[in-house]
Q: 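First the structure, then my questions, so here it is.
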Amino acid sequence: MDYVLPSGDKLSLAHGATGADAAAAIGAGLARAALAIKVDGVTYDLSRELPTDGEGKIEIITEKSGGEALELIRHDAAHVFAAAMLELYPGVKISIGPPIEHGFYYDVEMPAGPALSDADFPAIEAKMREHINADETFLREDVSVGEALERFVRENQDYKVELIEDLVKNAPADAPVTSVSLYTNGPFTDLCRGPHAPSTKRIKAFKLQSVAGAYWRGDSDRQMLTRVYGTAFFSKAALEEYLERLERARANDHRRLGPLLGMFGFSETAPGSAFWFPRGAEVFNELVRLSREMGRPRGYSEVKTPQLFDSSLWKTSGHWDKYRDDMFVTEAEDRQFALKPMNCPGHCQLYTLQKHSYRDLPVRYSEPGLLHRNEASGTLHGLLRVRHFAQDDGHIFCTEDQIQDEVAGVLEFAFATYKLFGLDVKLELSTRPDKRIGSDEMWDRSEAALKNALDSHGLDYTINEGDGAFYGPKIDIHMTDSLGRSWQLGTCQLDYNFPERFGLTYTGADNQDHQPVMIHRALMGSYERFIGILLEHFGGELPVWLAPTQAIVLPIADRHNDFAQSIADQLSDAGARVESDDRTESVSRKIRDAELRKIPFMLVVGDREQASGEVGVREHRQGDVGSASVAAFTERLTGLIESRSLA
RNA sequence: GCCGACGUAGCUCAGCUGGUAGAGCACUUCACUCGUAAUGAAGGGGUCCCCGGUUCGACUCCGGGCGUCGGCUCCA
């Protein structure tokens, strides 16, 4: 049959030819470099017979193919890891070991005895190296389900047995699963879909990185397995570069930057809750101010609602049933109260305290409310996952006709906000979860409305099945931290449930009561998480308007301290966050300290400046940019602040 | 919450097979008064996370808590 190469050239191969034959037919060098072959977008082992039923577009995968090639050897490395584990820990049960974005993992159940720790890595790596040096061929064979089951039952590999049984059970009726593929390298055989590189020798550099627990099948009600993460590359240099990049990313960790910039800290006396120092609190408030300024012209009015509510409110909202584990509950005078984990029930209650006409709608409430959520201890993570936080929260009460416009308005508001920070975001539509309130019909309507809003704006999004809030579906807005972990920031949730449960009404033009629809929305999400993400995004070099200290005056000698202070005062009066470094230290020292604190502007003042009334301006990372009059510099600084410039 | 690791001065970290602690930076004082990334010297500072246990004696060993870190589950 004729195949087509990426160049467009044709390649004729005999029936039954393999990927290796194809590579050899193209060239001897390529045959040596080949790892796998892609036919019509599907990757095959080199040893497999090429399919003859498609268009026949083929591409040989080599080291140079990038991610796909790395995926192959990382998957190979996972097999080599499992092989090493079986030899070193007899009785270990292996489950799954896929390649992932930057490496691979393998989940195993350790035999009774001491737990696996990273101290065991050197021995495992040594054993893995033996398999790699032995240049073991990956041999694929297709066997019947019965034969495979018999094999894994005999080997006591329960997880493999379960995987095969599920494969059979979940197969569509018109394509029943009767056989599965096994891959063998050296003494080790694994149930695996493939594909793999030709042999273990293609793994040129690898490293085991960490151990963690992971639930079998991601289900917290099932067995906790031991997961080992590792990675593999085509060269030692590439591996080292990757490890160095990880190390550098740590420098942008907000948990390191926050204390360095004098913004916040943590204490064991309040796990999962940040303590904000003055400069950090100012940055925080700057963002609250932003939210207010942007919300006002968009029709939001700020409200204030209580922290602590009687349990009856949470019973009405459904939190008592669906969310209680995450709430801090307390008692007084034989009544049960709970701290609010969300603002919505309070806003609903607020809504009911007044009578509403259709003429008032939409009503848009905002509140940077303080929330408490009793998050599981193991999930806390710096500012990105805390127990005490404030959201840039808002709730819109509107008629059904207004939904499209309101959701569009929320999206516009969100993108206008992110633009200020130059953030790239990822949208997700999260649909009905198992644990929910409300009828399926309500959920159908809500999901359709959100999907419609996204589609009509031509926005890209992925669907996150089952991840909606218990009261409604949501559009979630995600960003990644310095290590590439994804965090949810903004959200826009459509809700028919709370209005019904709280009996919300408005009087229509027909003088009858009608039920409004509610939209829950947060754009930055929580201020805490948003600040954490911003710090990592900017590597601590926040835009001038957000920098905890925007300028620092550096007197050259002690006799310039008063002059320096007067400049700091002038800038401070103009609305900037300024300090004066009057320590008895050398200028070099003051500059070094200010640079390390990533302060955008350093103003050096000595005899010359004192005589001329100027300041010597030094910009963070740029160095000396020449002198300027105090007035000119003040104008420049306040300009940057007021315009919220990204520069 | 679950799995693993870790927890020594404000910070970053040493501390040998159990004999009650040490460095650098920071801080204080003194001298120097300095022109674009660390001036020098002296000094202060620690219930070695907490509670039990073993021991003549525990920072060190054992048990239980708490917290942090990396994951899992969950989530803004």
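In what follows, chains carry the letters A, B, and so on, assigned in the order in which the sequence lines appear, proteins first and then strands, with residues in each chain numbered from 1. Just so it is clear, the structure is predicted and the values come from calculations on it, not from any experiment. Below, all heavy atoms of this structure are taken into account, side chains as well, without hydrogens, waters or symmetry copies.
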Q: Where the side chain of A:E375 is concerned, which of B:A76, B:C34, B:U36 is the nearest nucleotide?
A: B:A76
Q: Contact class for A:Q223 vs. all strands (heavy atom < 4.0 Å): base, sugar-phosphate, or nothing?
A: nothing
Q: Look at the side chain of A:R559 and the base of B:U33, then say whether one donor and one acceptor between them are separated by less than 3.5 Å.
A: no
Q: Given the structure, check if the side chain of A:Y215 and the base of B:G1 hold any donor-acceptor pair shorter than 3.5 Å.
A: yes
Q: Counting only Watson-Crick or G-U wobble pairs whose two distances fall under 3.5 Å, which nucleotide matches B:C69?
A: B:G4
Q: Measure distances between side-chain N and O atoms of A:R217 and base N and O atoms of B:C72, and say whether any donor-acceptor pair falls under 3.5 Å.
A: no
Q: Where does the angle between the aromatic ring planes of A:H395 and A:H347 fall among parallel (under 30°), tilted (30 to 60°) and perpendicular (over 60°)?
A: perpendicular
Q: Is the positively charged end of A:R74 above the ring of A:F233, judged by distance under 6.0 angstrom from the centroid and angle within 45° of the axis?
A: yes
Q: Is A:S586 near enough to B:U39 that one of its side-chain N or O atoms lies under 4.0 angstrom from OP1 or OP2?
A: yes
Q: Under 4.0 Å, heavy atoms only, any strand: does A:T491 hit a base, just the sugar-phosphate, or nothing?
A: nothing
Q: Would you state whether a donor and an acceptor, one from the side chain of A:R255 and one from the base of B:C69, lie under 3.5 Å apart?
A: no
Q: Is the terminal nitrogen or CZ of A:R298 (NZ for Lys, CZ for Arg) located under 6.0 angstrom from the six-membered ring centre of A:F413 and within 45° of that ring's axis?
A: yes
Q: Within 45° of the axis and under 6.0 Å from the centre of the six-membered ring of A:Y300, does NZ or CZ of A:R521 qualify?
A: yes
